[in-house]
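One structure is given here, and the rest of the page talks about it.
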2 protein chains.
Amino acid sequence: MTETHGKYDSGCPVAYALDILGDRWSLLIIRDMAVRGAQTYGALLEGWEGISTNILAQRLKQLEQDGIVSKTRDPENRRSFRYALTAKGRDLAPVIVELVLWSGKYNAADNAMTGLLEKIRVDRAAVEACIRAGKTP
Amino acid sequence: MTETHGKYDSGCPVAYALDILGDRWSLLIIRDMAVRGAQTYGALLEGWEGISTNILAQRLKQLEQDGIVSKTRDPENRRSFRYALTAKGRDLAPVIVELVLWSGKYNAADNAMTGLLEKIRVDRAAVEACIRAGKTP
DNA sequence: CTGGATCCCAATAGATACTG
DNA sequence: CAGTATCTATTGGGATCCAG
């Protein structure tokens, strides 16, 4: 019954994760939602790395299918949509935290944009709790 | 002096990590070394997912440049090489562990090949210590 | 206007066959 | 065993077009 997801159906949990996250953009989109609080297509387009419109649309659709992202109409602005992380998406917080710690160790120099590393160093649990609560740390 | 690595030089630590790991194969190669103990080109080729030869060669070269993997001549077999994780590569252990835990939560069904999830659940610290020590858990 | 589809084209990733 | 060569498929950028 296990839905065959992607390319390699090896039964390895690392491969399962990489089927969803193993590309240049998916995790950056998740980061934009978790860390920067981006909630709209427009806000995601203006991320730090400059994703293009077709890729963003495609990845959002895929992430929605994978249960990472939810899409709803904006209650206050009927012509807009709101994207949010699901519980499954927010549960990636520890993965993001470990990636940031690793980068911080080996790429100490540039960490300019986020300040995330410092926040994690001060109180890692608090950062994860924020993300899990759907708030930006 | 920060060497510009890859595509997006945004200064975000997540992006730094993804520049090295954000593709379908790099982290699987690292997993094969860390978890399965693969040390040769041939052993890596026979991983669970079936990487093709050119991709493996290219990724190994890149991972070596990025300081994740080291390549040395096999002392016992002069015509063979041995690939190993560097400290930087082994320090990805927590990232792999978090990915496995996440997959285990949302893809409980298939975890057949590794048994890694169970080991992590029994003693996470021990698994990470193994990998950091260059031993397979 | 926001959100997204589409087309064109360049660049990368990848499978297979072959080589020292 | 450890790759290279070749060829095809997929990805991605950028502009533009389209719908609500």
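In what follows, every chain begins at residue 1, and chains take the letters A, B, ... in the order their sequences are listed. Model, not experiment: these values are computed from the prediction.
Ion pairing between B:Arg31 and B:Glu49 holds under the 4.0 Å rule for side-chain N and carboxylate O. Taking the charged nitrogens against the carboxylate oxygens, B:Arg124 and B:Glu98 do have a contact shorter than 4.0 Å, which makes a salt bridge. A salt bridge links A:Arg59 with A:Asp23: at least one charged nitrogen is closer than 4.0 Å to a carboxylate oxygen. Using a 4.0 Å cut-off between charged side-chain N and carboxylate O, A:Arg90 and A:Glu128 make no salt bridge.
Distance CD (A:Gln62) to P (D:dT10): 15 Å, rounded to an integer number of Å. The distance from atom CG of B:Leu56 to atom P of C:dA17 is 18 Å, rounded to the nearest whole Å. We find that CD1 of A:Ile29 is positioned 10 Å from P of D:dG12, with the value rounded to whole Å. Rounded to an integer number of Å, the gap from CG of A:Asp23 to C1' of C:dA13 is 13 Å. Across the protein-nucleic acid pair, B:Arg24 atom CZ and C:dT12 atom P stand 18 Å apart, rounded to whole Å. Between A:Ile51 atom CD1 and D:dA15 atom C1' the separation is 17 Å, expressed in whole Å.
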- Let me have a per-nucleotide readout for nucleotides 1-8 of chain D, 5' to 3', with B, S or -, counting only protein heavy atoms under 4.0 Å. SBBBB---

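In terms of phosphate contacts, A:Trp25 brings no side-chain nitrogen or oxygen within less than 4.0 Å of OP1 or OP2 of D:dT11. B:Arg59 has a side-chain polar atom (N or O) that falls below the 4.0 Å cut-off from OP1 or OP2 of C:dG14.
Using a 4.0 Å heavy-atom distance criterion, A:Gln58 is classed as making no nucleic acid contact.
For the pair A:Lys71 and A:Phe81, the cation-pi test (distance below 6.0 Å, angle within 45°) is passed.
Atom-to-atom distance recorded for A:Leu85:CG and A:Ser70:OG is 8.0 Å, nearest 0.5 angstrom.
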